[in-house]
2 protein chains.
Amino acid sequence: MNQPRPTGRRRPRQSDIARLAGVSQATVSLVLRGTPAGMALAKRTRQSVLDAAEELGYVPDPVATRLASATNAMLGLYTFSATFPTDVAHSYYPILVGVEEEAAAQGQDLILFTGSARTAGRADDPAAVRRVRVADGCLFFGRHVPEEPVRRLAEDGFPFVYIGRRDEPGVPYVGADYVSASAEVVARLAALGHRTLRYLREHDQAPASSDREEGVLRGAREAGLDTADLVVRTDGRDLDTRLRDWRAAGVTAVVVEQTDTGAALDGLGAAVDAAGLRCPEDLSLALLGAPTGTRGTAPGGGADFGGFVVPMRAMGRDAVRLLLRLIGGDRSEPTRRLLPCEPVEGGTLAPAPSPTHHPRKD
Amino acid sequence: MNQPRPTGRRRPRQSDIARLAGVSQATVSLVLRGTPAGMALAKRTRQSVLDAAEELGYVPDPVATRLASATNAMLGLYTFSATFPTDVAHSYYPILVGVEEEAAAQGQDLILFTGSARTAGRADDPAAVRRVRVADGCLFFGRHVPEEPVRRLAEDGFPFVYIGRRDEPGVPYVGADYVSASAEVVARLAALGHRTLRYLREHDQAPASSDREEGVLRGAREAGLDTADLVVRTDGRDLDTRLRDWRAAGVTAVVVEQTDTGAALDGLGAAVDAAGLRCPEDLSLALLGAPTGTRGTAPGGGADFGGFVVPMRAMGRDAVRLLLRLIGGDRSEPTRRLLPCEPVEGGTLAPAPSPTHHPRKD
DNA sequence: TCAAGGGTCTAATACGTATTAGCGAAACAC
DNA sequence: GTGTTTCGCTAATACGTATTAGACCCTTGA
């Protein structure tokens with residue numbers, strides 16, 4: 001399968017340099033790597049090797065370098081996002097921007113493992129995941145991460161960092177503090193006079209969803225709100241009738257999580273439109289965790305969503321820094337970090353309409 | 001530098017399978033690769049190899065595969081953009097989206113060579129460019145591409161494709177038809193009654209700039225407009241006084257190119273604001289080549305820029321397809337392609353104000 | 001003169017897979 | 001029974017670099 005080079009001249013390797021400089025390949029390697037052993041060589045030898053390398057335009061082959069078990073200054077980024085790569089612009093790119101910025105700043109190239117995932121048919125195919133070994137280390141991102149293949153990587157000592165909090169003990173991650181941020185949003189709604197809320201989350205069990213739910217519940221309890229029917233699971237397609245019931249029950253605000261599919265949010269928007277409700281006059285809407293810069297607008301109007309914003313870019317940057325620490329063998333704590341989310345004012349948050357105000361029970 | 005595996009169990013290789021199945025490593029390779037030679041082996045042998053591989057959870061090492069076979073299902077993307085990676089969101093990401101989509105669809109992973117560029121200090125460092133060889137082929141993108149290192153790649157038969165038209169004969173590219181699109185914009189302005197225009201381009205010699213200028217000139221000639229002082233070179237910081245002069249000379253519309261720095265456009269916006277001019281009432285503005293989805297708005301108001309839009313995403317996709325053709329050894333023509341740009345209506349284009357109408361001279 | 005010690009460098013090997021030439025055995029033809 | 005072909009597999013090598021044990025030479029000291 002070794003294709004012949006059409007135009008003859010093969011790219012130079014260390015043995016070419018060795019021949020030109022009259023030394024051995026091993027010497028070339030020592031000199032070029034600049035190791036202590038290499039520096040100990042005679043000045044003349046060093047120089048002639050460097051000259052020869054320069055003359056031939058030598059550049060080390062990263063693949064061979066990597067095979068010989070050094071590092072190759074490449075970081076991987078593997079995404080498990082459900083909708084990826086179709087809805088590629090959403091939720092993935094803010095992360096990518098941060099990752100890329102920091103990687104570039106640190107002199108690391110970036111491998112996007114999007115093709116492997118596709119080839120295997122499923123992104124969680126163990127074989128596909130194993131492919132990340134080309135890189136020195138890898139970032140994982142996505143709500144649903146297959147544990148088995150990643151666990152095997154961990155067993156082999158392969159460095160990786162999750163972007164997003166993980167429940168598995170010991171795995172390094174850089175996440176966002178959804179709990180605090182979600183609680184804060186509910187507190188804000190309560191301060192605006194909302195006493196009866198609903199929180200919409202999707203069906204899956206991703207930590208990002210659980211954390212938001214936890215935060216919403218905590219915020220509700222701390223504000224003395226009723227938490228009985230607070231949490232609602234939805235796939236986004238069943239909201240029309242529900243929304244009507246909620247209104248009848250005195251609900252004045254709905255909190256919804258932002259996911260990679262956006263199912264809950266889209267469904268809610270459609271339901272609000274269908275019901276002919278205006279936001280925020282009839283109903284306040286809060287969005288938990290839009291990616292920075294993509295806040296989106298509320299149904300039926302140009303109002304920006306209030307809620308909080310996930311510091312995707314910062315997470316990307318931090319994750320790269322942590323990964324490089326791990327690659328460098330630095331196992332000192334902490335290897336887990338939660339970044340604060342930024343609260344966002346928005347036109348979708350307004351004081352609760354007084355007519356439907358329900359007095360607190362306790 | 002061989003790091004010991006912390007938890008003992010080394011990941012299985014072909015030789016492990018070979019031992020378990022009682023065959024040679026070569027046989028394992030043949031069977032697993034599924035080559036004709038591999039299929040020709042005895043059924044029993046094949047099966048025992050496959051069973052052993054399954055039992056051990058074998059996954060081929062992509063690094064070794066690449067070193068031995070010269071392909072690894074990875075495409076490179078190397079960017080020469082001046083502002084990269086600071087202004088990373090601009091002009092680079094629409095391309096990246098297209099590239100990534102198509103790469104994923106074709107089962108290819110993507111290597112972003114942003115770190116090498118940084119490490120070397122300059123993106124056009126020959127050593128940095130040479131690094132793209134890890135990939136099976138590479139896409140180049142950016143206004144200012146260093147010819148020398150790329151020429152060496154070409155000599156070595158390394159497959160690559162430019163995103164953006166190139167003057168060098170023979171090099172493959174996927175570009176945009178700036179000439180036609182620019183001419184069309186001028187024709188539109190002429191149809192709106194504008195007789196005296198200025199075209200702002202930056203100082204550099206990138207093909208993207210030359211093509212737009214050529215198109216503007218062609219459009220002007222075809223519409224019978226004066227081309228004498230039409231083309232203006234600027235770095236964006238000298239436009240305040242010039243703008244005043246142009247107004248005095250009866251200029252009713254300014255056409256400006258969009259570049260990766262946006263210098264000309266930004267400068268024009270500032271000058272228009274400083275002069276207290278309103279767009280499009282006092283002056284029409286046309287923008288040649290905003291990236292899709294990032295049309296931007298005119299100075300002093302919310303009006304969208306009229307002009308044309310560069311099909312960045314489509315270019316990215318096409319470039320990947322072409323690159324894969326080249327990697328596959330398909331040297332049949334064509335290896336150069338120009339995609340049409342989409343004309344864009346916009347609030348910045350309006351009929352020329354009649355009071356300052358200057359009759360044609362000829 | 002011999003041993004010891006340092007300074008330079010190289011031979012050998014490892015990394016994990018792909019590929020090719022060809023070996024031994026069996027089947028076939030005469 | 002001797003050539004010839006085919007079949008099924010393996011030994012050997014290549015890919016390009018990193019690493020280590022130690023070879024070789026030159027000093028130095030006894």
Side-chain angles (χ1 to χ4, degrees), chain A residues 1-5 10-19 21-49 53 56-74 127 130-131 133-134 136 156 158, chain B residues 1-5 10-19 21-49 53 56 58-73 130-131 133-134 136 156:
Chain A
M1 196 179 274
N2 266 311
Q3 309 181 13
R5 309 280 177 187
R10 193 176 34 74
R11 86 196 195 98
R13 1 167 202 186
Q14 290 186 347
S15 56
D16 296 322
I17 300 177
R19 203 173 319 115
V23 297
S24 74
Q25 176 267 326
T27 300
V28 173
S29 176
L30 291 178
V31 169
L32 294 184
R33 296 239 3 167
T35 57
M39 301 306 287
L41 296 184
K43 209 174 214 170
R44 268 186 56 87
T45 310
R46 270 181 53 74
Q47 197 53 51
S48 61
V49 166
L56 294 177
Y58 172 80
V59 163
D61 180 341
V63 176
T65 304
R66 175 65 176 158
L67 182 60
S69 282
T71 59
N72 61 3
M74 294 196 179
R130 198 76 48 87
R131 206 173 138 75
R133 287 173 176 282
V134 228
D136 292 338
D156 291 348
F158 183 82
Chain B
M1 199 178 270
N2 265 309
Q3 309 182 13
R5 309 280 177 186
R10 190 176 38 74
R11 79 200 197 97
R13 0 167 204 186
Q14 290 187 348
S15 56
D16 297 320
I17 300 177
R19 204 174 317 115
V23 298
S24 73
Q25 175 268 325
T27 301
V28 173
S29 176
L30 291 178
V31 169
L32 294 183
R33 296 240 5 172
T35 56
M39 301 306 288
L41 296 184
K43 210 173 212 169
R44 267 185 57 87
T45 309
R46 269 181 55 76
Q47 196 54 50
S48 62
V49 166
L56 294 177
Y58 171 81
V59 166
D61 179 341
V63 178
T65 304
R66 166 63 166 140
L67 183 61
S69 75
T71 69
N72 60 2
R130 196 79 46 86
R131 201 173 144 76
R133 286 173 175 282
V134 224
D136 292 339
D156 291 349

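Lettering of chains follows the sequences in order, A, B, ..., and the numbering in each one begins at 1.
One interatomic measurement links the two molecules: CZ of A:R33 to C1' of D:dG16, which rounds to 13 Å at whole-angstrom precision. Rounded to an integer number of Å, the gap from CG of A:L41 to C1' of D:dC24 is 15 Å. For the pair A:L67 CG and D:dC15 C1', the computed distance is 9 Å after rounding to whole Å. Following rounding to the nearest Å, B:R44 (CZ) and D:dG8 (P) show an atom-to-atom distance of 13 Å. Rounded to an integer number of Å, the gap from A:R13 CZ to D:dG16 P is 5 Å. In this structure, the CG atom of A:L30 is 17 Å from the P atom of C:dA12, given to the nearest Å. In this structure, B:K43 atom NZ and D:dC9 atom P are separated by 14 Å, rounded to whole Å. B:D16 has its CG atom 9 Å from the P atom of C:dG16, to the nearest Å.
Nucleic acid contact for A:A37: none, since no nucleic acid atom lies under 4.0 Å from a heavy atom of the residue. Nucleic acid contact for B:A42: sugar-phosphate only, since backbone atoms but no base atoms lie under 4.0 Å from a heavy atom of the residue.
Both B:A64 and B:T27 sit near DNA chain D, but only B:T27 has its closest nucleotide nearer the 5' end.
The shortest side-chain heavy-atom distance between A:V28 and A:Y58 does not fall under the 4.5 Å cut-off. Residues A:R19 and A:D16 have side chains in contact (heavy-atom distance under 4.5 Å, counting atoms from C-beta outward).
Under 4.0 angstrom from either OP1 or OP2 of D:dA18 there lies no side-chain N or O belonging to A:T35. OP1 or OP2 of D:dA18 has at least one side-chain nitrogen or oxygen of A:S29 nearer than 4.0 Å.
Counting only heavy atoms from C-beta on, A:V23 has its side chain closest to C:dT10 among D:dG8, D:dA11, C:dT10. In the set C:dT8, C:dA18, D:dT17, the nucleotide with an atom closest to the side chain of B:A68 is C:dA18. The B:Q25 side chain lies nearest to D:dA12 when the options are C:dA11, D:dT17, D:dA12.
Between atom CD1 of residue A:I17 and atom OG1 of residue A:T27 there is a gap of 11.5 Å, rounded to the nearest 0.5 Å. To the nearest 0.5 Å, the span separating CD on B:Q14 from CD on B:Q25 amounts to 5.0 Å.
In the interface, the side chain of A:Q14 is not paired with the base of D:dA18 through any donor and acceptor atom under 3.5 Å apart.
Closest heavy-atom contact between B:A18 and B:S24: CB-C, 3.6 Å.
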